[in-house]
Asker: 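Encoded as structure tokens, here's the structure I'll be asking about.
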Amino acid sequence: KNLILKVEWLDEDGMPISPLSLVQGTTFWAHFRVEKAPSFSRQAIEEVALVQILPAGWEVENIRLSGQARPTWMSRWQLNREEYQDIRDDRVMWFFDFPPRSATFDFIVKLNAVTVGEFALPPTLVEAMYNNRYKATKAGGTVKVTAR
């Protein structure tokens, strides 16, 4: 509904990977791109939330706490546009506004596959919290972490 959501999973070199089966100890990145639908590209959209609940076998590596720099291959993206980021054990949430002329924002999180097993990957959701005209989801699925 008037937003476009793209999700990709990348290795540490920025190459696409499948999150469906990862080896325990794998470090990888989730990249989320949120765009306004073309007919709304000049319109401001306020109070937008992007939420990714994580599978129980994955863990967030919080680069804000470690002071780690982002890889240079991310320099082409429109990062750090959120007003607030909430990182929890089981989810990451970004809250932001789309100014009138901005049409695309990117969000990243560094992850580790830590616990062996099969786990549910919930859908990704982006929506304007107080305006139901703007919403997009990406289907989740089942992911597997295999022993080293």
Side-chain angles (χ1 to χ4, degrees), residues 1-38 40 45-98 102-148:
K1 289 169 84 175
N2 305 314
L3 290 176
I4 300 164
L5 174 62
K6 297 176 182 172
V7 179
E8 64 180 343
W9 310 95
L10 307 165
D11 68 14
E12 292 195 273
D13 296 320
M15 301 306 296
I17 61 169
S18 170
L20 299 180
S21 183
L22 298 169
V23 176
Q24 184 181 29
T26 300
T27 299
F28 61 105
W29 295 88
H31 172 226
F32 307 93
R33 173 165 284 173
V34 181
E35 302 176 42
K36 294 179 194 173
F40 290 88
I45 305 172
E46 296 181 348
E47 307 297 336
V48 180
L50 170 62
V51 179
Q52 178 63 69
I53 300 174
L54 301 170
W58 295 1
E59 178 177 277
V60 173
E61 186 174 317
N62 190 339
I63 63 172
R64 293 186 307 179
L65 293 178
S66 68
Q68 178 185 6
R70 288 189 309 269
T72 56
W73 50 263
M74 291 183 184
S75 62
R76 66 186 186 273
W77 295 334
Q78 299 293 320
L79 297 169
N80 297 325
R81 300 301 185 103
E82 65 269 6
E83 292 176 23
Y84 182 74
Q85 181 183 27
D86 189 353
I87 299 174
R88 299 185 183 198
D89 289 342
D90 67 338
R91 71 192 65 207
V92 182
M93 298 174 285
W94 296 266
F95 301 92
F96 59 98
D97 293 330
F98 264 124
S102 297
T104 303
F105 286 175
D106 296 287
F107 305 89
I108 53 130
V109 62
K110 190 173 186 180
L111 300 164
N112 292 303
V114 294
T115 305
V116 174
E118 273 192 23
F119 307 96
L121 171 61
T124 308
L125 168 69
V126 63
E127 65 182 340
M129 294 187 295
Y130 307 109
N131 187 339
N132 64 5
R133 292 177 51 203
Y134 303 100
K135 180 179 182 177
T137 60
K138 279 290 181 192
T142 301
V143 298
K144 186 176 188 177
V145 177
T146 58
R148 299 177 204 211

Asker: Taking all heavy atoms of Phe96 and all of Glu82, pick out the closest pair and write down the distance.
Answerer: CB-CA, 3.8 Å

Asker: Between Asp11 (side chain only) and Phe28 (backbone N and O only), is there a donor and an acceptor less than 3.5 Å apart?
Answerer: no

Asker: Hey, could you give me the NZ/CZ distance between Lys1 and Phe40, rounded to the nearest 0.5 Å?
Answerer: 11.0 Å

Asker: Do you know which two heavy atoms are closest between Asp97 and Glu83, and how far apart they sit?
Answerer: OD2-OE2, 2.6 Å

Asker: Any carboxylate oxygen within less than 4.0 angstrom of a Lys/Arg side-chain nitrogen, looking at Lys6 and Glu35?
Answerer: yes

Asker: Donor-acceptor pairs under 3.5 angstrom involving side-chain atoms of residues 53-61: please list them, not counting sequence neighbours.
Answerer:
unit_1 : atom_1 : unit_2 : atom_2 : d
Glu61  : OE1    : Asn112 : ND2    : 3.0
Glu61  : OE2    : Lys110 : NZ     : 3.2

Asker: Please step through ring-ring contact (aromatic ring centres under 6.0 Å, His included) for the pair Trp94 and Phe32, ending with a clear verdict.
Answerer: CA-CA 11 Å; Trp94 296 266; Phe32 307 93; 5.3 Å; yes

Asker: When rounded to the nearest 0.5 angstrom, what is the spacing between CZ in Arg33 and CG in Asp106?
Answerer: 4.0 Å

Asker: To the nearest 0.5 angstrom, please state how far the CE atom of Met74 sits from the CD1 atom of Ile108.
Answerer: 4.0 Å

Asker: Let me check something: any side-chain donor-acceptor pairs from residues 118-141 under 3.5 Å, sequence neighbours excluded? List them with distances.
Answerer:
unit_1 : atom_1 : unit_2 : atom_2 : d
Thr124 : OG1    : Gln52  : OE1    : 2.2
Asn131 : OD1    : Arg133 : N      : 3.1
Tyr134 : OH     : Gln43  : NE2    : 2.9

Asker: What closest approach, in Å, do Val34 and Phe107 show between heavy atoms, and which atom pair accounts for it?
Answerer: CG2-CE1, 4.0 Å

Asker: Mind running side chain to side chain contact (heavy atoms under 4.5 Å, CB included) on Phe105 and Leu50 for me, showing each step along the way?
Answerer: CA-CA 11 Å; Phe105 286 175; Leu50 170 62; over 6 Å; no

Asker: Quick one: list whatever passes ring pair (Phe, Tyr, Trp, His ring centres under 6.0 Å) with Trp77, sequence neighbours left out.
Answerer: His31, Trp73

Asker: Out of Leu111, Ile63, Ile17, which one pairs with Trp29 under the side chain to side chain contact (heavy atoms under 4.5 Å, CB included) rule?
Answerer: Ile63

Asker: Can you name the nearest heavy-atom pair linking Ala113 to Leu22, along with the distance?
Answerer: CB-CB, 4.0 Å

Asker: Kindly give the heavy-atom pair with the smallest separation between Ser21 and Thr146, and that separation in Å.
Answerer: OG-CG2, 4.1 Å

Asker: Looking only at heavy atoms, which two atoms of Ile45 and Lys36 are closest? And how far apart?
Answerer: CD1-CG, 3.8 Å

Asker: Rounded to the nearest 0.5 Å, how far does CZ of Arg76 lie from CD of Gln78?
Answerer: 12.0 Å

